[in-house]
Trainee: 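Let me begin by handing over the structure; questions about it come next.
Letters go in sequence order (proteins before strands), and every chain restarts at 1.
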There are 2 protein chains.
Amino acid sequence: MNANQPFQQDSLCPHDRRVSCANCRLNSICLPISLHIEDIDKLNQIIQRGKPLQKGDYLYRANDPFDSVFAVRSGAVKALTISDKGEEQVTGFYLPGEVVGLDGISENRYTNSVIALETSSICEIPFHRMEELSLKIPNLQRHFFQLMSREITQDQQMIILLSKSSAEERIASLLLSISNRNNRRQLSATAFRLPMSRTDIGNFLGLTIETVSRIFSRLQQQQIIEADKKEIRIINIEELHKTANGGDACHS
Amino acid sequence: MNANQPFQQDSLCPHDRRVSCANCRLNSICLPISLHIEDIDKLNQIIQRGKPLQKGDYLYRANDPFDSVFAVRSGAVKALTISDKGEEQVTGFYLPGEVVGLDGISENRYTNSVIALETSSICEIPFHRMEELSLKIPNLQRHFFQLMSREITQDQQMIILLSKSSAEERIASLLLSISNRNNRRQLSATAFRLPMSRTDIGNFLGLTIETVSRIFSRLQQQQIIEADKKEIRIINIEELHKTANGGDACHS
DNA sequence: GTAAATAGTTGACGTGAATCAAAAGATCCT
DNA sequence: AGGATCTTTTGATTCACGTCAACTATTTAC
């Protein structure tokens, strides 16, 4: 075998269930810690890989008993809660390498429902087996504390965004967030496909779909982005950052 | 000693540094888990109790290196971040029995600053010693996972509140939140003193101080609450719940 | 392939909360 | 005690975003 050729497993398609943590392209995101190879193997053994979810499929529903957290391997999912009045509220989007379900731990049931935005492969991590393993692998315990802490930090940034920012700032921030997360996965930071609908974006950002649409149009007019349906090209990332932070016409 | 009399330590004043976890009145909130008495003692031994903070004192500042998480024993604190433009954003209020600083774990430095709203006693829990201890006490590991998960759940509820609710709903929700948290500590759910200023409330809820003031006045006119400065009496908790959930004139 | 349903865009108009302004209470300081 | 500073209240005005409505583009279903 030519050493410049990838190993066979590296070329497994993203939905192949034979992938293991050790050769997963996402392990630097999903497991950004120094685990020994044998520890990775132990973790790998408790992880379950189900068949891919199709668009619209539920990964789990709010109030289901909590058993596992889930890492997105490919595709994308959204988390949402249903209010008393039956309205949806999207609480987050999760891209490959990101972990969802951490909210279920405290109450022993999930507080959100999670739905696939497109065909998605998911790694299931049975939480109680992970907990046991954590007692033996300090770095794994540390990793989960960090994962949860990161979720807290991100949620708090979201609180700030919703509390202080205009519609334009919110949308610019979301685009930059997706851009960064793509970049971490070695994908283009300036050209990508949004996995979620305008409706989901509006719901997530606390805006109506009409406002979302208008802002996209405006950003396009200003030559900051090019948006063709869900395909986005960031033309002037400099200016997009300015827009996200209150722009030139800073009014706050 | 009369068995019906409390132990001497039960009557320690809340700022007394000789208090221990085993006899702390808040341990059912701060440590709502079944730890064996000897485990509680091990935990107690790593906890440090500094001298009380005065109003306005910092517990820590954003970007300080992360060493510890902190449990509020008495008083109250607020967490806040400073935006690029130097504006404060309050990200949470923490009352006795609640734990602050969990956001620092992932980046190894705090992302918020924490400031005392009034004279406050704080228990410091050195995180790395707690981590080591967690490897030996599975229930303690479990407890910290749950604490962090609860913070995630609460932050997500805050996201929903900010994303979907009117000014009136936000303030009603905050009052009910404080009421519930007081209730858990065996205090009155209907009469209490707000530890934070109107400015802090507005900042936290994404409202201007003027709006906060107007809403307080309106709730008072409607005979739902009585507000004399920071002293609050909830007169009609039924109606306050309705107000928090969109009220009768439900427009959403 | 065509109808029906769903998702997105654009315009006109209304409204809830921000902003601006002023004054009345609290609290701090010497 | 008395001036200074900070906090809170209330009113008048403005504006960003929501609402309502009409229309287009895209996807789904038969």
Trainee: Assess whether a salt bridge exists between A:Arg218 and A:Glu168, defined as any Lys/Arg side-chain N lying under 4.0 Å from an Asp/Glu carboxylate O.
Mentor: yes
Trainee: Scan A:Leu207 against the nucleic acid and name what it touches under 4.0 Å (heavy atoms): base, sugar-phosphate only, or nothing.
Mentor: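 If one applies the 4.0 Å heavy-atom cut-off, A:Leu207 turns out to touch the sugar-phosphate alone, with no base involved.
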Trainee: Return yes if some donor-acceptor pair links the side-chain N/O of B:Thr190 with the main-chain N/O of B:Ile234 below 3.5 Å, else return no.
Mentor: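 Looks like no, no N/O pair under 3.5 Å.
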Trainee: Here's a test of your reading of the structure: between B:Ile215 and B:Glu210, which maps to the more 5' nucleotide of DNA chain C?
Mentor: B:Ile215
Trainee: Between C1' on C:dT9 and CG on A:Leu219, what's the gap in Å once rounded to a whole number?
Mentor: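 Those two atoms, CG and C1', are 15 Å apart.
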Trainee: Using atom CG of B:Asn203 as one end and atom C1' of D:dT7 as the other, report the distance to the nearest whole Å.
Mentor: 15 Å
Trainee: Step by step, would you call A:Gln156 with B:Asn112 a side chain to side chain donor-acceptor pair (under 3.5 Å)?
Mentor: CA-CA 10 Å; A:Gln156 288 184 352; B:Asn112 294 297; 2.9 Å; yes
Trainee: Whole Å only: how far is the CD1 atom of A:Ile201 from the P atom of C:dG8?
Mentor: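 These atoms are roughly 8 Å apart.
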Trainee: If you check the B:Ser166 side chain, which of C:dG8, D:dT9, C:dA17 turns out closest?
Mentor: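 Side chain of B:Ser166 sits closest to C:dA17.
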Trainee: Side chain of B:Ile209 only, heavy atoms from C-beta on: which candidate in D:dT8, C:dT9, C:dA17 is closest?
Mentor: D:dT8
Trainee: Hey, is the side chain of B:Arg198 pairing donor to acceptor with the base of D:dT10 inside 3.5 Å?
Mentor: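 Under the 3.5 Å cut-off, the side chain and the base do not form any donor-acceptor pair.
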Trainee: May I ask you to check whether A:Glu107 and B:Thr153 show a side-chain donor-acceptor distance below 3.5 Å?
Mentor: no
Trainee: How many whole angstroms separate atom CD of B:Glu87 from atom P of C:dA18?
Mentor: 13 Å
Trainee: In whole angstrom, give the distance that lies between atom CD of B:Glu231 and atom C1' of C:dA26.
Mentor: 15 Å
Trainee: What does B:Thr208 touch in the nucleic acid at a heavy-atom separation under 4.0 angstrom: a base, only the sugar-phosphate, or nothing?
Mentor: base
Trainee: Would you say C:dG16 has OP1 or OP2 under 4.0 Å from some side-chain N or O of B:Thr211?
Mentor: no
Trainee: Touch check for B:Gly202, heavy atoms < 4.0 angstrom, all strands: base, sugar-phosphate only, or nothing?
Mentor: nothing
Trainee: OG of A:Ser177 to CZ of A:Arg170: how many Å apart, nearest 0.5 Å?
Mentor: 15.0 Å
Trainee: First locate atom CZ of B:Arg184, then atom CG of B:Leu26, and finally report the distance between them rounded to the nearest 0.5 Å.
Mentor: 10.0 Å
Trainee: For DNA chain D, determine which residues of residues 220-229 of chain B have any heavy atom closer than 4.0 angstrom to one of its atoms, and list them numerically.
Mentor: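 Those residues: none at all.
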Trainee: Could one point to a donor on the side chain of B:Arg218 or the base of D:dT10 with an acceptor on the other under 3.5 Å away?
Mentor: no
Trainee: What integer distance in Å separates A:Glu168:CD from D:dG18:P?
Mentor: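 The answer, rounded to whole Å, is 14 Å.
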Trainee: Check whether any side-chain nitrogen or oxygen of B:Ser213 sits under 4.0 Å from OP1 or OP2 of D:dT7, and answer yes or no.
Mentor: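 For B:Ser213, the contact criterion (side-chain N or O under 4.0 Å from OP1 or OP2 of D:dT7) is not met.
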Trainee: Can you tell me the distance, in whole Å, between the CE atom of A:Met196 and the C1' atom of C:dT6?
Mentor: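 So the CE-C1' distance, A:Met196 to C:dT6, works out to 19 Å.
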Trainee: Just how far, in rounded Å, is C1' of C:dG8 from CZ of A:Phe216?
Mentor: 11 Å
Trainee: Tell me which pairs pass salt bridge (charged side-chain N to carboxylate O under 4.0 Å, His left out) where either residue lies in residues 186-206 of chain A, with sequence neighbours left out.
Mentor: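 Checked against salt bridge (charged side-chain N to carboxylate O under 4.0 Å, His left out) - neighbours excluded - the pairs reaching residues 186-206 of chain A are A:Lys78-A:Asp200, A:Arg193-A:Glu231.
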Trainee: Kindly indicate whether the side chain of B:Arg214 and the base of D:dG11 share any N or O donor-acceptor pair separated by less than 3.5 Å?
Mentor: yes
Trainee: Does the plane of the ring in A:Tyr60 sit parallel, tilted or perpendicular to the ring in A:Tyr110? Use 30° and 60° as the thresholds.
Mentor: parallel
